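Scroll down for the structure; my scribbles are underneath it.
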Amino acid sequence: MRRSFRFLLRPTARQRIMLTAMLDDHRALYNAALEERREAWRRCKVGIRYGDQSAQLKEIRAADPDGQGRWSFTSQQQTLRRLNKAFEAFFRRVRNGQTPGYPRFKGRGWFDTVALVEGDGARWDSQPHHPSATFVRLQGVGHVRTHRHRPICGRVKQIDIKREGVRWYVIVSCDDVPPVPLPATGREVGVDLGVTHFATTSTPLTGVSDQAGHIPHPRYRRSAEERLAAAQRAYARTKQGSGRRRAAAKKIGAVHRKIARQRTDHAHKIALGLVRAADVIVVEDLKIANMVRSPAPRPNGDGTFAANGAVAKAALNSGILDAGWGVFLSILADKAESAGRVVISVDPRNTSRTCPAPGCGYVSVENRRTQADFVCVRCGHTANADIVAASNIMRAGLVLRNAYTA
């Protein structure tokens, strides 16, 4: 397997300056390459490709030895590949009839990652004989201390340097990482993601859900609303371009980054609990981008608009985004692969409207008249609607598994 390990960097004051300079120079290279592509097409209708721009790096480095020449050649190639991927995505969207989204120039706050290749511009554990600390060597920066809180496995292939606010991180990507299979439990579980509860399991899992099978929704953004609103009000009172405005913007960013870290930590803990508790985990194949799309306006034809439920939909969208379903599902899939577990995604349609009673299976929107209660209008079966959905999700996943293994 290929896995990535993320660690906090502890750079010195000089190293912080050099890391910032490295980001700025790579950003300048990205913008210059984008400008070359754009102008070549605008003036001469000539397409510039990655190979054409990569061949120019030798001359660029020779002409600017104290700028571009001090950084790794392969890291600059990775920056050009990053631009090339942006253009490939642009052309793919054009072919598919989607909103094109032409690649943009990167401002100072919009380029925060540099990719380096192990052994060429970067070296992990560059001082292996140090008694207590781990260092990563970066060309042009030096040996930077790393807060390694866990060992890494496999063969180091790539090292990414990432800036988040005032913090710096190193992301170590490794190949040939051996899986760590967990002992079999003989248990299958269906997981229904929600807004009232973060998730509901088809059967209660000790240490993961409560006795009813519900996993509480932490609502990190809602708990930080007062701090976030205060920071935004302080930002609104500042003048554009002032130092106070930049400081206020940093405070807003710090609140958002803390919320993101809390969501990720929660997702890791819940995913690990599920992987340890069950051999087969069945989840919904959710199209989250579609679920949080704003409702279309409903014009009356006389210049006015009818109510379209936009306010209620906005509240629902906020709850969905606050839950962080996409992050959780991604982490769950990665942990399951490492532990030798099976994750099955099923169609979420009608999972909370189908009666799970043996011999019934009646599907009707009338079965779920409230958010919490399920009452089958045919057989009278009653249960919590989220548990009904989790049970139907598990049943659908087992049917798919049996169909594939048959």
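Just so we're clear, the structure is a prediction, and the values are computed from it rather than from any experiment. Note: hydrogens, waters and symmetry copies are ignored here, and every other heavy atom, side chains too, is used.
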Checking T304 against N300: is there a side-chain donor and acceptor pair closer than 3.5 Å?
yes
Using only heavy-atom distances, determine whether the side chains of T238 and R244 contain a donor-acceptor pair under 3.5 Å.
no
Between E88 and K85, is there a side-chain N and carboxylate O pair less than 4.0 Å apart?
no
Does NZ or CZ of R6 fall inside the cone over Y169's six-membered ring, less than 6.0 Å from its centre and within 45° of the axis?
yes
Given the side-chain rings of F328 and F198, with only the six-membered ring counted for Trp, is the space between their centroids under 6.0 Å?
yes
Aromatic centroids of F105 and Y30 separated by under 6.0 Å:
no
Salt bridge present between R3 and D334 (N-O < 4.0 angstrom)
no
With rounding to the nearest 0.5 Å, note down the distance linking CG in D373 to CG in N367.
12.5 Å
Donor on one side chain, acceptor on other, S75 and H26, under 3.5 Å
yes
Test L83 against L29 for side chain to side chain contact (heavy atoms under 4.5 Å, CB included), laying out the working first.
CA-CA 10 Å; L83 175 63; L29 178 65; over 6 Å; no
Presence of salt bridge, R49 and D52, under 4.0 angstrom:
no
Less than 4.0 angstrom from a charged side-chain N to a carboxylate O is my criterion; do D386 and R368 meet it?
yes
Is the charged tip of R37 near the ring of F87: under 6.0 Å from the six-membered ring centre and within 45° of its axis?
yes
Scan P358, C360, P356 and name whichever one has a side-chain contact (heavy atoms from CB on, under 4.5 Å) with H381.
P356
Is a donor from one side chain sitting under 3.5 angstrom from an acceptor on the other, for S126 and H143?
yes
Quick one: do the N31 and R104 side chains pair a donor with an acceptor below 3.5 Å?
no
May I ask you to check if R82 and F111 form a cation-pi contact, with NZ or CZ under 6.0 angstrom from the six-membered ring centre and within 45° of the axis?
yes
Would you say the side chains of E36 and Q53 form a donor-acceptor pair under 3.5 Å?
yes
R93 versus N96, side-chain donor and acceptor atoms under 3.5 Å:
no
Aromatic ring proximity H149/F7, centre distance under 6.0 Å
yes
